Amino acid sequence: MSVLVLGHHNGSALSPATASVVAAARKIGADIDVLLVGHNLTSIASEAAQLAGARKVLLAESADLAEARATDISDIMFAIADPYSTFLSAANALGKSAMPRLAAKLDVQQITEITAILGPDTFERPIYAGNAIETVKTGQIRNVITVRTTSFEAAAKGGEAVIEHLSPLPSTGAVKLLRTERDESDRPKLDEARIVVSGGVSLGSAAEFERLVYPLADKLSAAVGASRAAVDEGFVPNECQVGQTGKVVAPELYIACGISGAIQHVAGMRGAKVIVAINSDPEAPIVKLADYALVADLFEAVPELTEKL
Amino acid sequence: MKILVPVKRVVDHKVNVRVRADGSGVETGNVKMSMNPFDEIAVEEAVRMREAGTCDELVVVSIGPKQAEDTLRTALALGADKAILIESDERVEPLAVAKLLKELAAREAPDLVLLGKQAIDDDAAQTGPMLSALLDWPISSFAAKIEAKDDALEVIEEADNGREVVTLPLPAIVTVDLQLNQPRNVSLPSVIKAKQKPLERLAAADFGVDLAPRLEILATRAPDPRPEGKRVGSVDELLAALRSHAGLLEGEAR
Ligand SMILES: Cc1cc2nc3c(=O)[nH]c(=O)nc-3n(C[C@H](O)[C@H](O)[C@H](O)COP(=O)(O)OP(=O)(O)OC[C@H]3O[C@@H](n4cnc5c(N)ncnc54)[C@H](O)[C@@H]3O)c2cc1C
Ligand SMILES: Nc1ncnc2c1ncn2[C@@H]1O[C@H](COP(=O)(O)O)[C@@H](O)[C@H]1O
């Protein structure tokens with residue numbers, strides 16, 4: 001069974017998510033090809049070629065594709081779909097918009113965000129914000145699957161995949177990118193960090209977030225996360241959101257400061273190795289969930305912790 | 001423009017769902033059901049466009065059991081003009097939902113289909129992009145802001161790394177994110193008024209669409225429990241506990 005993996009990158013480097021998807025692909029089939037779409041992909045392609053288990057790296061490369069939208073990417077995947085029986089992507093924003101389009105074109109019911117592979121046709125995936133885990137079996141000959149990357153160890157380096165250029169390339173579609181508003185901070189990325197420090201709405205303002213959460217995160221070289229409520233209040237940008245509708249993280253350590261632990265938030269951080277809660281309410285769900293719960297006023301406890309580290 | 005909003009009836013987002021002891025699924029009997037929160041946001045956005053005059057007709061549709069009429073009545077109370085129930089008592093997978101919506105789009109001829117980015121029961125996040133592929137219409141996913149501009153839309157999308165502003169021509173598909181708006185509360189007079197609004201009932205089986213599930217659900221279980229936690233009494237105790245895990249605080253400034 002040959003597998004096509006959608007490679008993720010940010011224009012300058014391969015995203016670590018790709019290595020996890022390749023690792024998942026190896027549990028499903030052999031002959032794994034990685035597709036990269038964009039412009040000036042030479043160094044990203046050589047990174048991808050080193051992923052253990054990859055057979056070929058396929059490059060869809062052109063100036064137009066520098067700003068390829070999910071629609072363009074699903075069209076490219078469809079155009080080269082013939083030899084493949086399985087199509088895999090990380091379940092990030094791009095994967096979530098491109099892969100179901102591919103699935104529909106192939107007349108395939110997609111399997112979203114798998115967390116375990118029990119056999120080549122049997123998978124586990126969370127439903128109801130992770131409050132239940134479903135085992136699904138596909139009877140389809142071809143399958144389109146998105147992967148929760150935190151559930152899979154990254155594929156090792158040491159591969160020697162062949163790099164191939166695709167042509168002809170399709171023209172880009174009707175959706176045009178006008179501009180981007182990127183997070184330019186050099187802090188660790190939320191979905192890649194070993195440690196995440198998150199704040200909730202109880203911080204009260206962006207200034208307090210800046211004063212309390214960021215210094216603790218910086219001391220630990222941690223990424224900054226937040227609850228939806230904190231994002232809604234505009235304390236931090238949306239990409240900091242952890243949860244069912246934000247990012248799913250599985251760091252070594254997750255420190256939740258003034259977060260109640262609503263099911264939708266927990267959906268995004270339940271997989272952390274060690275969870276710390278700092279919360280003034282002993283009844284808060286996060287206090288019950290945490291490995292270490294400190295029932296205290298965060299305005300005192302967080303600066304003290306930062307100082308003593 | 002004419003807007004179509006598909007709304008799904010799901011277990012209310014505040015319910016703590018429980019897995020049935022025999023592993024056959026989650027308990028849905030005697031559980032509060034509501035409109036999928038993302039769909040509520042989609043309806044709210046369309047109603048605002050209706051109020052602003054950019055939308056001249058707002059149709060809502062739900063695929064599900066007869067009780068999904070309640071969900072449609074809520075959408076009518078929020079401000080939709082007309083509702084359509086496509087009745088099915090079976091589990092309908094996103095691909096089949098998208099196929100039904102494609103048929104409905106051919107009949108209703110909307111300029112814009114606004115969907116939730118995901119349903120909070122199956123967490124599939126598939127229907128919008130699938131419909132875009134089936135209709136061959138452009139799509140913008142995870143909208144945080146939507147602006148109508150002549151025959152096009154300008155949308156701010158929540159992307160993997162920050163936000164992206166895109167433009168796409170109509171007819172189009174847009175899926176909405178939580179950030180887009182705060183849905184209004186339904187007022188009593190609008191609930192009463194909604195009872196007078198048209199609600200059409202169709203049978204899913206009459207659409208000529210293959211509704212048979214492609215995936216078999218073998219079992220449903222509760223997530224693995226986390227180990228019992230510990231209460232610490234002070235910051236010092238917390239630090240000691242964390243330092244007892246070798247290497248955990250590796251990033252700690254030396
Ligand atoms: C469809 C849907 C999707 C959602 N998706 C997400 C998601 O992806 N991520 C997400 O986070 N949420 C999500 N939510 C929202 C979620 O339900 C909660 O509303 C949100 O997580 C609450 O954020 P919070 O913990 O900051 O605020 P609250 O729930 O208000 O909690 C504040 C906490 O701070 C504590 N506190 C107050 N003062 C102090 C103090 N001085 N010191 C210490 N502790 C203090 C309180 O005891 C309380 O526990 C979603 C909701 C819906 C309906
Ligand atoms: N049965 C349904 N009836 C109406 N709309 C639906 C249904 N299922 C999915 N949708 C729409 O598709 C969106 C995404 O659902 P899903 O792909 O199941 O996560 C929802 O937010 C709804 O807008």
Side-chain angles (χ1 to χ4, degrees), chain A residues 10 70-71 74 92-94 96-97 100-101 103-105 109-112 126-140 173-183 194-195 219-222 228 238-239 245 252-253 263 274 276 289-294 301 304-305 308-309, chain B residues 16-17 19 26 93-95 98 120-126 129-130 132-134 138-142 144 154 158-169 177-179 214-223 226-227 229-232 235 238-239 241-242 245 248-253:
Chain A
N10 63 3
T71 44
S74 54
N92 52 15
L94 175 61
K96 279 182 178 161
S97 26
R101 277 180 49 89
K105 282 170 182 262
Q109 172 53 51
Q110 180 186 283
I111 307 168
T112 297
I127 53 173
Y128 290 93
N131 280 307
I133 311 290
E134 191 175 75
T135 307
V136 291
K137 184 175 171 181
T138 169
Q140 303 173 120
V175 188
K176 299 270 178 276
L177 181 69
L178 299 179
R179 58 182 186 278
T180 56
E181 299 165 10
R182 295 262 179 254
D183 163 30
R194 276 189 63 251
I195 302 179
K219 251 208 165 153
L220 292 165
S221 306
R228 176 85 233 174
N238 182 74
E239 60 265 26
T245 52
E252 300 286 310
L253 173 61
I263 48 175
V274 176
V276 169
L289 178 82
D291 298 286
Y292 303 109
L294 177 60
E304 185 184 341
L305 178 60
K308 288 182 171 165
L309 274 168
Chain B
N16 225 331
V17 300
V19 174
V26 305
E93 289 176 339
L95 179 65
I120 61 162
D121 49 0
D122 61 13
D123 284 335
Q126 295 178 18
M130 283 184 157
S132 118
L134 296 178
I139 181 169
S140 168
S141 302
F142 317 131
E154 197 171 304
E158 312 276 15
D160 286 315
N161 172 25
R163 290 178 158 199
E164 299 183 343
V165 189
V166 299
T167 172
L168 65 169
D177 213 326
L178 283 186
Q179 195 85 359
R214 306 281 187 87
L215 305 178
E216 190 187 347
I217 299 169
L218 297 181
T220 306
R221 63 172 177 88
R226 285 194 61 96
K230 190 180 149 198
R231 201 64 81 70
V232 290
V235 167
L238 173 61
L239 266 172
L242 293 178
H245 294 261
L248 185 62
L249 297 178
E250 219 166 65
E252 189 180 348

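Note that the structure is a prediction, hence the values are computed from the model and not measured. Just so it is clear: chains get the letters A, B, ... in the order the sequence lines come, proteins before strands, and each one is counted from 1.
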Subject >> Segment of B:Ser141 engaging chain A (4.5 angstrom heavy-atom cut-off) >> reply: side chain
Original post:
Side chain, backbone, both or neither: which part of B:Val232 has an atom under 4.5 Å from a heavy atom of chain A?
Top reply: both
**OP:** Would you mind checking if B:Glu164 and A:Arg179 are paired as a salt bridge, meaning a charged N to carboxylate O distance below 4.0 Å?
**Re:** no
Original post:
What are the two closest heavy atoms between B:Ala124 and A:Gln110, and how far apart are they?
Top reply: O-NE2, 4.4 Å
Original post:
A:Ile111, A:Thr112, A:Ile263: which one forms the most heavy-atom pairs within less than 4.5 Å of chain B?
Top reply: A:Thr112
Subject >> Pick from A:Asn131, A:Leu94, A:Thr180 with the largest number of heavy-atom pairs that fall under 4.5 Å of chain B >> reply: A:Asn131
**OP:** Answer yes or no: is there a side-chain heavy-atom contact under 4.5 Å between B:Ser132 and A:Arg101?
**Re:** yes
Original post:
With a 4.5 Å heavy-atom cut-off, do A:Leu305 and B:Leu239 have their side chains touching?
Top reply: yes
Original post:
Taking atom NZ of A:Lys176 as the centre, does the number of heavy atoms from other residues, nucleotides or ligands within less than 6.0 Å exceed 12?
Top reply: yes
Original post:
Using a cut-off of under 4.5 Å for heavy-atom pairs, which of A:Val136, A:Val274, A:Thr135 has the most such pairs with chain B?
Top reply: A:Thr135
**OP:** Give a yes or no on whether the backbone of A:Asp291 and the side-chain of B:Arg226 come within a donor-acceptor separation of less than 3.5 Å.
**Re:** no
Subject >> Most chain B-contacting option - heavy-atom pairs closer than 4.5 Å, from A:Thr245, A:Thr71, A:Asn10 >> reply: A:Thr245
**OP:** Name the region of B:Leu218, side chain, backbone, both or neither, that has any atom closer than 4.5 Å to a heavy atom of chain A.
**Re:** both
Subject >> Which of A:Leu289, A:Thr138, A:Val276, A:Leu177 touches chain B most, by non-hydrogen pairs under 4.5 Å >> reply: A:Leu177
**OP:** Determine whether A:Tyr128 and B:Ile120 make a side-chain contact, defined as any pair of heavy atoms from C-beta on separated by less than 4.5 Å.
**Re:** no
Original post:
How long is the span from the CD1 atom in B:Ile217 to the CD atom in A:Glu134, to the nearest 0.5 Å?
Top reply: 4.0 Å
**OP:** For chain B, find which of A:Arg182, A:Lys96, A:Glu239 contributes the most heavy-atom pairs closer than 4.5 angstrom.
**Re:** A:Arg182
**OP:** Determine the minimum heavy-atom distance between B:Asp121 and A:Ile127, stating which atoms define it.
**Re:** O-CB, 3.4 Å
Original post:
What part of B:Ala98 is in contact with chain A, defined as an atom under 4.5 angstrom from a non-hydrogen atom: side chain, backbone, both or neither?
Top reply: neither
Original post:
Taking all atoms of both residues into account, what is the closest heavy-atom pair of B:Val26 and A:Ala132, and its distance?
Top reply: CG1-CB, 3.8 Å
Subject >> Heavy-atom closest contact (A:Ala104 atom, B:Leu95 atom, distance) >> reply: CA-CD1, 4.1 Å
Subject >> Closest approach of A:Glu252 to B:Leu248 (non-hydrogen atoms, all atoms of both residues) >> reply: O-CD1, 3.7 Å
Subject >> Non-hydrogen atoms of B:Gln126 and A:Pro100 that approach each other most closely >> reply: O-CB, 3.6 Å
Original post:
Going by heavy atoms in the side chains, are A:Leu253 and B:Leu249 under 4.5 Å from each other?
Top reply: yes
